[in-house]
Trainee: 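Structure below; questions to follow.
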Amino acid sequence: MKYGECFKFLLKDIFQASGCLLVIAAIILGVNSTEIIHTSLLWKIIIIALAFTLYKFAFVNNLDLGKRNQLIYFTFCSLLADIVVILWLWLFTQPVPAVDNEIMLMYVIIIILVKGAVYAMMYIDGQKEARQLNEKLSEYKNISR
């Protein structure tokens, strides 16, 4: 499968998720509110839908890609999702437009540490699986002789 097709599926899911959330928010806010729907709420919905779709594509990969391309796709989608989450935190967590840089730096450091820990666990698990596979292959060679 080519990256263009993967990108097409990604965009389709982003539009579906954000459109569904926008319709639900418009119905709920239209029924329960006498105020107008603010633009920032619509941007929040779009950014949340984008982050959800990117995480979904990163962790639930049902595309026909090779091992190397799956790793690239996982890394790319999860990195973009992290950037979108940081953007959401930067834009919409503070009631005041001014953002506390120390808090944002803390968020970025925590995300980097968690990402590093996940990659380290994946590497260790991959090494264990490779070792087990090599042992089974050597046992199979010994049995077949």
Trainee: I'd like a table of donor-acceptor pairs (distance under 3.5 Å, sequence neighbours excluded) in which one partner is a side-chain atom from residues 124-133, with atom names and distances.
Mentor:
| unit_1 | atom_1 | unit_2 | atom_2 | d |
| --- | --- | --- | --- | --- |
| Gln127 | NE2 | Tyr123 | OH | 3.4 |

Trainee: Minimum heavy-atom separation for Ala58 to Phe74, with atom names?
Mentor: O-CD1, 3.1 Å
Trainee: If a pair satisfies salt bridge (Lys or Arg N to Asp or Glu O under 4.0 Å) and one of its residues is in residues 109-121, list it, with sequence neighbours excluded.
Mentor: Asp82-Lys115
Trainee: Which distance, rounded to the nearest 0.5 Å, do you find between the CZ of Phe59 and the SG of Cys77?
Mentor: 10.0 Å
Trainee: Using side chain to side chain contact (heavy atoms under 4.5 Å, CB included) as the criterion, list what pairs up with Leu113, not counting sequence neighbours.
Mentor: Ile109
Trainee: State plainly whether one hydrophobic cluster holds both Val118 and Tyr55, where clusters connect Ile, Leu, Val, Met, Phe, Trp and Tyr through side-chain heavy atoms under 4.5 angstrom apart.
Mentor: yes
Trainee: Cluster question for you: counting only ILVMFWY and a side-chain heavy-atom cut-off of under 4.5 Å, with indirect links fine, are Trp88 and Leu80 together?
Mentor: yes
Trainee: Which value, rounded to the nearest 0.5 Å, describes the distance between Leu105 atom CG and Ile110 atom CD1?
Mentor: 10.0 Å
Trainee: Step through the shown structure and confirm whether more than 12 heavy atoms of other residues, nucleotides or ligands are within 6.0 Å of CZ on Phe76.
Mentor: no
Trainee: Excluding sequence neighbours, so at least two apart, what forms side chain to side chain contact (heavy atoms under 4.5 Å, CB included) with Val84?
Mentor: Ile47, Leu50, Ala51, Leu54
Trainee: Is there any salt bridge (Lys or Arg N to Asp or Glu O under 4.0 Å) pair reaching into residues 14-27, and which pairs are they, with sequence neighbours excluded?
Mentor: none
Trainee: Residues sharing Ile83's hydrophobic cluster, by side-chain heavy-atom contacts under 4.5 Å among ILVMFWY, directly or via others?
Mentor: Leu79
